[in-house]
Amino acid sequence: MKISFAQFSPVHGDTVATTNLVAEKAREASNSGSRLIAFPECFLTGGSFDDRESLRMAAIDIDRGDLAPILAAARDTGILIVVGFYQIKGAQAYNTAALIGPEGIIGLHHKMHLPFMIGDRFVDIPENSAPSVFDTPIGRIGLAICYEVRFPEVTRTLALEGAELIVLPAAWPEAARILPDLFTTVRAAENFVFLLASNRNDVDDGMAFMGSSHVIGPDGQEIINAGIADGIFSVDIEMEHARVKSIIREPGVYEVHPFRDRRPQDYRICAMPSVV
C-alpha cells in the first residue's frame, strides 16, 4: 500500500490558494496510486501569529465550508488526506489536524500539548482529550501534532487504542532537529507502529523549517526521508506489520513482549498532576 507526504511551501498569507493547492496535490498523489497523503502542521493557515485576534482572522472555519476543495478531492479520488491548520469553532481556537476521506471528515485532532511559541500561545486546549484514533479503509490511523512527539504517553495511548499508522503533522525548525532525528524513531519502535511525520521546509515570518519529513517503520528503521527537497514523497508499507507487538527470535527461548509485559498498575505516578 502506497502512502505519501507533501513537503513544499504553502502560498504564504493566502489560505484559499493554499487550500486549493493541497487539493491539487492530493489528486496528484492519488493519480500515482497513493492511498493517503499528509501535509504539515498549520499548513493551510501558517503558524506564526502575534495575537489571538489575527490568528482567529486567518483560521479555518469548517462549518463555513473552508475545506470544501480538499473534501472534494478526497471524495472524487478516494484518497485519505491529513492536513493541519488553525481552526475556529465558536469562541474557541485550536491547532487542528484533520483526517479527511471520501465520505468527509473522518476525525479531527486538536493539539493538547501547546508550547509557548508562535500561534500556539493563543489557542485553546480541547476539553475532549479522547485518543485521536480513527478507522479508515486502510487501517486504524492515529493523529498527533508536532510537539506532542515529546510526550511518550501520547503515542503509547494511540497505539493502545489500536493505531497502526500514526500521522504527525509538524513545523520543526532546525533547533528541534532532535525530534525527527531521535524522537520519531523511538516512538515508532517502542510502539511497533508506522509513524509518518510531515514537516515544513520553508520560511514563515522569519522562522525557517528544516524539512526531514519521513516515515519510520514499526522496527524503528527509517523507510524514507525527504531531506530539504520539495515534492510529494511516497513509500509502500504493509500495515499488518504494525499489528505484531512482540519480538520472537527463538520460540520458548528468546521472546520479548513489550505490550503484554506492561504493568500499568505500577505507573500510577504518570496519571498524577505535574509539579513545576
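The structure presented is a predicted model; accordingly, all values stated were derived computationally and were not measured.
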#### Entry: Pairwise distance CD1(I216) to CG(N191) - rounded to 0.5 angstrom
13.0 Å
### Task
Determine whether R187 and P152 make a side-chain contact, defined as any pair of heavy atoms from C-beta on separated by less than 4.5 Å.
yes
### Query
Applying the 4.5 Å side-chain criterion to the ILVMFWY set and letting contacts propagate, would L44 and I81 be lumped into a single cluster?
yes
#### Entry: Side chains of I178 and R150 in contact at under 4.5 Å (non-hydrogen atoms)
yes
### Task
Look only at the side chain of D124 and the backbone of Y94, and say whether a donor-acceptor pair between them is shorter than 3.5 Å.
no
### Passing option when Q87 is tested against D61, T45, T96, D66 for side chain to side chain donor-acceptor pair (under 3.5 Å)
T96
### Task
Could you tell me if the ring centre of F8 sits under 6.0 Å from that of F43?
yes
### Message
Using a strict threshold of under 4.0 Å (side-chain N to carboxylate O), is an ion pair present between D261 and K245?
### Response
no
### Task
Treat each ILVMFWY residue as a node, draw an edge where side-chain heavy atoms are under 4.5 Å apart, and state whether M57 and F49 are in one component.
no
### Short N-O contact, R177 and E174, less than 4.0 angstrom
yes
### Query
Does L114 offer a backbone N or O that forms a donor-acceptor pair with the side chain of N95 under 3.5 Å?
no
### Query
Going by heavy atoms in the side chains, are T136 and L36 under 4.5 Å from each other?
no
### Task
May I ask you to decide if I88's main-chain N or O and R56's side chain share a donor-acceptor pair within less than 3.5 Å?
no
### Hydrophobic cluster identity match, F85 and L71, side-chain contacts under 4.5 Å
yes
### Task
Could you walk me through whether K2 and D236 pass the salt bridge (Lys or Arg N to Asp or Glu O under 4.0 Å) test, one step at a time?
CA-CA 4 Å; K2 182 185 287 188; D236 286 308; 5.8 Å; no
### Message
Contact between E41 and K111 at the side-chain level, heavy atoms closer than 4.5 Å - yes or no?
### Response
yes
### CG-CG distance between N199 and L179, expressed to the nearest 0.5 angstrom
9.5 Å
### Task
Please round to the nearest 0.5 Å and tell me the distance separating atom CG of L108 and atom OG of S132.
8.5 Å
### Query
Would V16 and Y86 show up in the same hydrophobic cluster when neighbours are defined by side-chain heavy atoms closer than 4.5 Å?
no
### Query
Has the side chain of S198 got a donor or acceptor atom that lies under 3.5 Å from a matching backbone atom of P169?
no
### Task
Give a yes or no answer on whether the side chain of T155 reaches the backbone of A188 with a donor-acceptor pair at less than 3.5 Å.
no
### Query
Is atom CZ of R249 surrounded by more than 12 heavy atoms (other residues, nucleotides or ligands) closer than 6.0 Å?
no
### Linked, directly or transitively: V193 and M1 (ILVMFWY side chains, under 4.5 Å)
no
### T184 side, atom OG1; E222 side, atom CD - distance, nearest 0.5 Å
7.5 Å
### Task
For the pair S30 (side chain) and A26 (backbone), establish whether a donor and an acceptor sit closer than 3.5 Å, ignoring hydrogens and angles.
no
### Message
Whether K25 engages the ring of F39 as a cation-pi pair (distance to the six-membered ring centre under 6.0 angstrom, angle to the ring normal within 45°) should be assessed.
### Response
no
### Query
Between atom CG of L80 and atom OG of S4, what is the distance when rounded to the nearest 0.5 Å?
11.5 Å
### Query
Any sub-3.5 Å donor-acceptor pair from N225's side-chain atoms to H214's backbone N or O?
no
### Query
Is R35 close to P137 at the side-chain level, that is, under 4.5 Å between some pair of heavy atoms?
yes
#### Entry: Which atom of L168 lies closest to which atom of I145, heavy atoms considered
CD1-N, 3.6 Å
#### Entry: Spacing of CG belonging to D202 relative to CE belonging to M207, to within rounding of 0.5 Å
11.5 Å
### Task
Specify whether F5 and F233 have parallel, tilted or perpendicular ring planes, treating 30° as the upper limit for parallel and 60° as the lower limit for perpendicular.
parallel
